[in-house]
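This report refers to the structure that appears directly beneath it.
Order of listing sets the numbers, starting from 1, for every ligand and every atom in it.
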Amino acid sequence: MPDTTRPTGARHSSSILVTGAAGNLGREVVCRLPAHGARVRSLVRRRTAPCAGVESVVGDLTDPTAVRAALVGVDTVFLIWPLLDSAPAHGLVAELAAAGPRVVYVSSTAVDDEAARQSDPIVQVHADMEALLHDAGLRPTVLRSDTLASNARGWARQLRAGDVVSGPDVARTAVVDERDVADAAVAVLLADHDHLDGGPYVLTGPEVLSRDDQVALLGAAVRRRLRFQALPADQARSRMLADGRPEHLVEALIAASVCRPRTDRITRHVERLTGRPAGTFAQWAVDHAAEFSC
Ligand SMILES: NC(=O)c1ccc[n+]([C@@H]2O[C@H](COP(=O)([O-])OP(=O)(O)OC[C@H]3O[C@@H](n4cnc5c(N)ncnc54)[C@H](OP(=O)(O)O)[C@@H]3O)[C@@H](O)[C@H]2O)c1
């Protein structure tokens with residue numbers, strides 16, 4: 001387990017590549033780094049300008065040539081692997097092993113180190129990615145994140161149309177604000193490697209929440225009486241497809257809703273890394289209320 005001290009010895013001359021940089025978590029990470037003096041490059045599928053001071057390289061994570069180009073001159077990689085299969089990662093991992101940067105990998109709190117197989121396909125991908133990176137000799141620093149608060153954005157379409165969020169129920173977890181995960185990631189990315197033990201750092205929010213709890217807290221933030229309606233798998237599948245989620249993701253989310261065990265685990269690793277406690281989902285909801293307005 002990580003020690004209880006904050007990483008020190010920030011390496012302001014770092015040149016950092018961030019993957020998944022247009023996504024909910026990646027965007028938060030990539031936009032924080034320039035203020036710390038790091039040179040920052042993002043690997044994105046579409047030309048975007050996530051924020052000032054960030055160079056963008058357009059390419060796909062599954063394309064080793066694009067990855068090789070993106071790695072030139074980079075000493076640290078913040079690796080988001082958002083695919084639901086680890087098989088296409090072999091090329092990426094080979095490029096990383098050849099270039100030899102420090103790697104910080106975003107994984108899941110649901111990874112069970114004792115299990116031969118993980119509870120569902122999403123968790124299995126993260127366990128497989130951790131193993132691939134270790135086996136390639138990259139000695140990654142692993143950040144295992146709990147459910148990101150930003151997943152609630154997937155409810156926005158329903159909440160613009162009514163007061164009910166319907167979907168698959170999932171086990172209660174300590175939902176974590178993606179801004180806290182980003183702050184923790186920045187602390188790790190800028191720390192002197194000698195001050196880190198590789199983790200895994202287990203990043204959770206301060207309270208365990210059900211879907212009912214989250215939707216009610218969102219309702220308090222938008223001053224509406226909102227409720228969650230749990231759907232059986234077949235109806236949940238149709239609902240998520242209607243919300244515009246890709247089919248392979250929908251199947252993985254259904255599997256997670258059926259198989260992922262409940263956990264009451266809350267850690268203080270966000271605080272260890274950032275020096276302040278993790279924020280609440282209630283605060284996330286207040287800060288993002290406008291996204292759920294009609
Ligand atoms: N969400 C959670 O609750 C949670 C919990 C634990 C761990 N995690 C992990 O944390 C990571 C980030 O999650 P998130 O919620 O921020 O994800 P997200 O919002 O879906 O963002 C994923 C990003 O990856 C990009 N991407 C997808 N396929 C790609 C490819 N083949 N090549 C290059 N880029 C690609 C997407 O690009 P486009 O913008 O072009 O689509 C998007 O910007 C994921 O690996 C996830 O498994 C998430």
Side-chain angles (χ1 to χ4, degrees), residues 17-31 41-50 54 56-67 69-70 77-92 95 103-111 118-130 132-133 140 142-156 170-182 184-185 200-205 209 211 214 244-246 248-250 252-253 256-257 260 263 265 267 269-270 281 284 291:
L17 175 68
V18 177
T19 72
N24 286 302
L25 175 59
R27 192 170 52 231
E28 295 291 338
V29 172
V30 83
C31 293
R41 182 179 297 157
S42 63
L43 179 63
V44 286
R45 288 194 290 187
R46 283 172 284 273
R47 177 75 57 193
T48 49
V54 175
S56 290
V57 170
V58 176
D60 196 291
L61 277 164
T62 61
D63 175 1
T65 307
V67 171
V77 176
F78 181 68
L79 181 60
I80 283 175
W81 178 260
L83 282 77
L84 296 171
D85 183 1
S86 61
H90 286 272
L92 163 92
E95 294 301 330
V103 176
V104 177
Y105 177 66
V106 185
S107 181
S108 165
T109 52
V111 170
Q118 301 297 324
S119 59
D120 59 77
I122 296 174
V123 184
Q124 188 63 53
V125 168
H126 286 304
D128 291 345
M129 287 299 298
E130 289 187 23
L132 270 177
L133 295 166
V142 175
L143 305 181
R144 289 183 178 166
S145 170
D146 212 305
T147 304
L148 296 176
S150 49
N151 290 358
R153 289 190 170 119
W155 302 333
V170 293
R172 290 154 46 96
T173 63
V175 177
V176 63
D177 190 322
E178 67 283 0
R179 297 170 297 184
D180 288 333
V181 176
Y201 293 91
V202 179
L203 306 175
T204 77
L209 299 173
R211 286 284 156 103
Q214 277 186 271
R245 300 195 195 219
H248 59 294
L249 175 61
V250 168
L253 292 173
S257 77
R260 197 170 297 181
T263 170
R265 185 171 188 194
T267 75
H269 293 188
V270 166
F281 183 77
W284 184 93
E291 296 178 34

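- Among protein heavy atoms, atom 23 (C) of ligand 1 sits closest to Gly20 CA, 3.7 Å.
- A donor-acceptor distance shorter than 3.5 angstrom exists from the side chain of His269 to the backbone of Val202, with no hydrogens or angles considered.
- The protein non-hydrogen atom at the shortest distance from atom 39 (O) of ligand 1 is Ala22 CB, 3.7 Å.
- One finds the CZ atom of Phe281 at 7.5 Å from the CG atom of Leu209 (value rounded to the nearest 0.5 Å).
- Inspection of the Gln124 and Asp128 side chains reveals an N or O donor paired with an N or O acceptor under 3.5 Å.
- Shown in contact with Leu25 at under 4.0 Å from a heavy atom are these atoms of ligand 1, numbered in order with element: 16 (O).
- Counting protein heavy atoms only, atom 22 (C) of ligand 1 is closest to Pro82 CB, 3.9 Å.
- Protein heavy atom in closest approach to atom 17 (O) of ligand 1: Asn24 N, 4.6 Å.
- Between Gly26 and ligand 1, not a single N/O pair is under 3.5 Å apart.
- The heavy atom nearest to atom 3 (O) of ligand 1, out of those in Val58, Leu148, Leu249, is found in Leu148.
- Minimum interatomic distance between Val270 and Val176 (heavy atoms only, all atoms of both residues): CG2-CG2, 4.5 Å.
- In this structure, the protein non-hydrogen atom closest to atom 41 (O) of ligand 1 is Arg45 NH2, 2.9 Å.
- A search for salt bridge (Lys or Arg N to Asp or Glu O under 4.0 Å) contacts involving Glu95 returns Arg68, not counting sequence neighbours.
- Nearest heavy-atom pair, Asp85 versus Pro88, reported as atom, atom and distance to 0.1 Å: O-CD, 3.4 Å.
- Between Ser150 and ligand 1, not a single N/O pair is under 3.5 Å apart.
- In this structure, atom 1 (N) of ligand 1 has a protein heavy-atom contact shorter than 4.0 Å.
- The backbone N or O of Ser56 lies less than 3.5 Å from a partner atom in the side chain of Arg47, making a donor-acceptor pair.
- For the side-chain contact (heavy atoms from CB on, under 4.5 Å) test, residues two or more places apart in sequence or in another chain that qualify with Thr173 are Asp146, Thr147, Val175, Thr263.
- Protein heavy atom nearest atom 8 (N) of ligand 1, with residue, atom name and distance: His126 NE2, 4.2 Å.
- Residue Ser145 places no N or O, backbone or side chain, under 3.5 Å from any N or O of ligand 1.
- Leu61 N, 2.9 Å is the protein heavy atom nearest to atom 32 (N) of ligand 1.
- For the residue pair Tyr105 and Leu79, the shortest heavy atom distance occurs at CD1-O, 3.3 Å.
- Close contacts between ligand 1 and Trp81 involve ligand atoms 45 (O) [criterion: under 4.0 Å to a heavy atom].
- Of the polar atoms of Ser107, none of the N or O atoms is found under 3.5 Å from an N or O of ligand 1, judged by distance alone.
- The closest heavy-atom contact to atom 31 (N) of ligand 1, among the options Asp60, Asp63, Thr147, Val181, comes from Asp60.
- An N or O contact shorter than 3.5 Å links Gly23 to ligand 1 by distance.
- For atom 20 (O) of ligand 1, the nearest protein heavy atom lies 4.0 Å away or farther.
- Shortest non-hydrogen contact noted between Leu61 and Pro82 is CD1-CD, 3.5 Å.
- By the criterion of a heavy-atom distance under 4.0 Å, neither the backbone nor the side chain of Arg144 is placed next to ligand 1.
- Taking OG1 of Thr19 as the reference point, atom CG of Leu92 lies at 7.5 Å (rounded to 0.5 Å).
- In this structure, Arg27 falls outside the shell of residues with a heavy atom less than 4.0 angstrom from ligand 1.
- Taking any N or O of Arg46, backbone or side chain, at least one lies under 3.5 Å from an N or O belonging to ligand 1.
- Between the side chain of Arg144 and the backbone N or O of Leu203 there is no donor-acceptor pair closer than 3.5 Å.
- Taking every non-hydrogen atom of Val106 and a distance limit under 4.0 Å, the qualifying atoms of ligand 1 come out as 10 (O).
- Ligand 1 lies less than 4.0 angstrom from a heavy atom belonging to Asp146.
- Residue contacts with ligand 1 do not include Ala21, since none of its heavy atoms lies under 4.0 Å from the ligand.
- The nearest heavy-atom contact from the protein to atom 11 (C) of ligand 1 is Ile80 CG2, 3.7 Å.
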Show, in sequence, the C-alpha distance, side-chain angles and deciding distance for Glu178 and Arg27, and conclude whether the salt bridge (charged side-chain N to carboxylate O under 4.0 Å, His left out) test is met.
CA-CA 10 Å; Glu178 67 283 0; Arg27 192 170 52 231; over 6 Å; no

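- The two residues Glu291 and Ala156 have their closest heavy-atom pair at O-CB, 3.9 Å.
- Ala21 approaches Ser42 most closely through the heavy-atom pair CB-CB, 3.4 Å.
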